[in-house]
Q: 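My structure is below; once you've seen it, I'll send some questions.
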Amino acid sequence: MQPIVKLENIDFKYPNDEEKYALKDVSLEIQRGEWIAIIGHNGSGKSTLAKTINGLLLPENGAVTINDKPLNAENIWDIRKMVGMVFQNPDNQFVGATVEDDVAFALENQGVPRDEMLVRVKAALTKVRMWDFASREPARLSGGQKQRVAIAGVVALRPDIIILDEATSMLDPEGREEVIQTIKEIKEESNLTVISITHDIDEAANANRIFVMKQGELIKEGQPAEIFSAGPELISLGLDLPFPEKLKLALKEKGIAVPDRYLTEEGMIDWLWTSVLNK
Ligand SMILES: Nc1ncnc2c1ncn2[C@@H]1O[C@H](COP(=O)(O)OP(=O)(O)OP(=O)(O)O)[C@@H](O)[C@H]1O
Ligand SMILES: [Mg+2]
């Protein structure tokens, strides 16, 4: 199967910082319908990588291929349409006076005819469960609701790929859950490919695969269980430890032998039950 995202040996420097590579020799492939989490410390190149995938930034070396189209002057607008982005700050993403106007704005910009626009706006807002708020002012919504409207704005454009660049990081746990659940539902319905840049362990745990960035390089990739079994090293990769790993460390300090393999919360409960509490 052809990957939907293919990066080959990407190098990138920002023009105002010729000294340092923001991306160095990054190669990766993502299949259609995958959910990918990108983790890494501040400044490791995650956002730069995202902007390379949607053609906002052009690499100095290497090739970007999205949905079989090479990123070049001819394809750039098609590629930007295929890749939707949702950013961190919900308040910086609104242009419309009402929720409905806001979602319509990008469609209007793309010259979608009015009748079709109305249909697509309603469908997108219904998908993120915000249609009841269509005539509300965006400023008066909760953080999670604002991000769901931002997602509707992207979904209305019918992208193949959606990139969430720390899109849940300013939300409370409830707002995070709302947004992640919404993306999951849309992903199932439309075979969307999701790339989520995150420091949140629960969000990363949702992914099929995790990519780890460090100083502009892709240093690791694997399924969540593989990556999470790195234990304390995870913190140095830019993630908080999952709760079962934290508990394992605490038990180890008390002299209790714990399994090396990664334990989910359920796995942890089973193990505690059978190996520790029954003794
Ligand atoms: N517009 C810019 N001009 C110059 N350098 C930049 C610019 N944007 C980012 N950089 C630099 O490029 C490197 C990668 O930055 P990037 O924003 O991609 O990292 P990040 O992993 O997304 O970080 P964060 O977790 O803080 O969002 C950093 O060293 C950063 O300082
Ligand atoms: Mg960033």
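Atoms considered below: every heavy atom in the structure, side chains included; atoms not considered: hydrogens, waters and symmetry mates. Just so you know, ligand 1 is whichever comes first in the structure, and atom 1 is the first atom listed for that ligand.
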Q: Identify the protein heavy atom lying closest to atom 17 (O) of ligand 1, giving its residue, its atom name and the separation to 0.1 Å.
A: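 In this structure, atom 17 (O) of ligand 1 has S47 CB, 3.8 Å as its nearest protein heavy atom.
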Q: Side chain to side chain contact (heavy atoms under 4.5 Å, CB included), that's the test. Do E100 and W131 meet it? Break it down for me.
A: CA-CA 8 Å; E100 192 174 15; W131 177 241; 3.9 Å; yes
Q: Please check if atom CD in E266 has more than 12 non-hydrogen atoms from other residues, nucleotides or ligands closer than 6.0 Å.
A: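 Check fails, neighbour count at 12 or below.
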Q: Look up atom CD in E221 and atom CD in E29, then write down how far apart they are to the nearest 0.5 Å.
A: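 Here the interatomic distance stands at 9.5 Å.
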Q: To which protein heavy atom is atom 2 (C) of ligand 1 closest, and what is the distance rounded to 0.1 Å?
A: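 Looking at atom 2 (C) of ligand 1, the protein heavy atom closest to it is Y14 CD2, 3.4 Å.
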Q: Is the closest N or O pair between G45 and ligand 1 shorter than 3.5 Å?
A: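 Among all N and O atoms of G45, at least one is under 3.5 Å from an N or O of ligand 1.
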Q: Determine, using heavy atoms of G40 and all atoms of ligand 1, whether some pair is separated by less than 4.0 Å.
A: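 Checking ligand 1 against G40, which is what was asked, there is no heavy-atom contact under 4.0 Å.
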Q: When you measure from atom 23 (O) of ligand 1 to each heavy atom in G216, A22, G43, P15, which option holds the nearest one?
A: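 Result: the heavy atom closest to atom 23 (O) of ligand 1 is in G43.
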Q: Can you find a heavy atom in the side chain of L58 that is under 4.5 Å from one in the side chain of I76?
A: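 Contact flag for L58/I76 side chains = yes.
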Q: Could you tell me which non-hydrogen atom of M85 sits nearest to which non-hydrogen atom of V154, and how far apart they are?
A: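 Closest pair (atom of M85, atom of V154, distance): O-CG2, 3.5 Å.
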Q: List the steps, then state whether side chain to side chain contact (heavy atoms under 4.5 Å, CB included) holds for V128 with I186.
A: CA-CA 8 Å; V128 303; I186 297 169; 4.1 Å; yes
Q: Does at least one non-hydrogen atom of H41 fall below 4.0 angstrom from an atom of ligand 1?
A: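 Yes, H41 has heavy atoms under 4.0 Å from ligand 1.
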Q: Is R80 reaching over with its side chain to a backbone N or O of G55, donor-acceptor style, under 3.5 angstrom?
A: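 Side chain of R80 to backbone of G55, a donor-acceptor pair under 3.5 Å: yes, one is there.
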Q: Could you work out, for atom 15 (O) of ligand 1, the closest of L23, I39, T48 by heavy-atom distance?
A: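 The nearest heavy atom belongs to T48.
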Q: So is M213 touching ligand 1 or not, going by heavy atoms under 4.0 Å?
A: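 M213: no contact with ligand 1 (<4.0 Å).
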Q: Can you find a non-hydrogen atom of E166 under 4.0 Å from ligand 1?
A: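 Judged by the 4.0 Å heavy-atom criterion, E166 does count as contacting ligand 1.
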Q: Can you tell me which residue and heavy atom of the protein come closest to atom 25 (O) of ligand 1, and the distance to 0.1 Å?
A: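 Closest protein heavy atom to atom 25 (O) of ligand 1: K46 NZ, 2.8 Å.
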Q: Should one rank D17, N16, L49 by closest heavy-atom distance to atom 4 (C) of ligand 1, which comes out on top?
A: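 Going through D17, N16, L49 one by one, N16 has the nearest heavy atom to atom 4 (C) of ligand 1.
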Q: Mark up the atoms of ligand 1 that fall under 4.0 Å of a heavy atom belonging to K20, in ascending order.
A: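 Near K20, the atoms of ligand 1 are 29 (O).
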Q: Do you know which two heavy atoms are closest between T126 and K122, and how far apart they sit?
A: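 Closest pair (atom of T126, atom of K122, distance): OG1-O, 2.6 Å.
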Q: Is the closest basic N to carboxylate O distance between R176 and E203 below 4.0 Å?
A: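 No, this pair does not count.
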Q: If you measure from the Lys or Arg side-chain nitrogens to the Asp or Glu carboxylate oxygens, is any gap between D165 and K46 under 4.0 Å?
A: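 Result for this pair is no, no salt bridge flagged.
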Q: Determine, stepwise, if the pair Q31 / I4 fulfils side chain to side chain contact (heavy atoms under 4.5 Å, CB included).
A: CA-CA 5 Å; Q31 301 298 331; I4 188 160; 5.9 Å; no
Q: Where the side chain of D11 meets the backbone of E60, is there a donor-acceptor pair that is under 3.5 Å apart?
A: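 No, because the side chain of D11 does not come within donor-acceptor range (under 3.5 Å) of the backbone of E60.
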Q: Relative to the Mg ion (ligand 2), how many protein N, O or S atoms have a separation of less than 2.8 Å?
A: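 Excluding waters, the total comes to 1.
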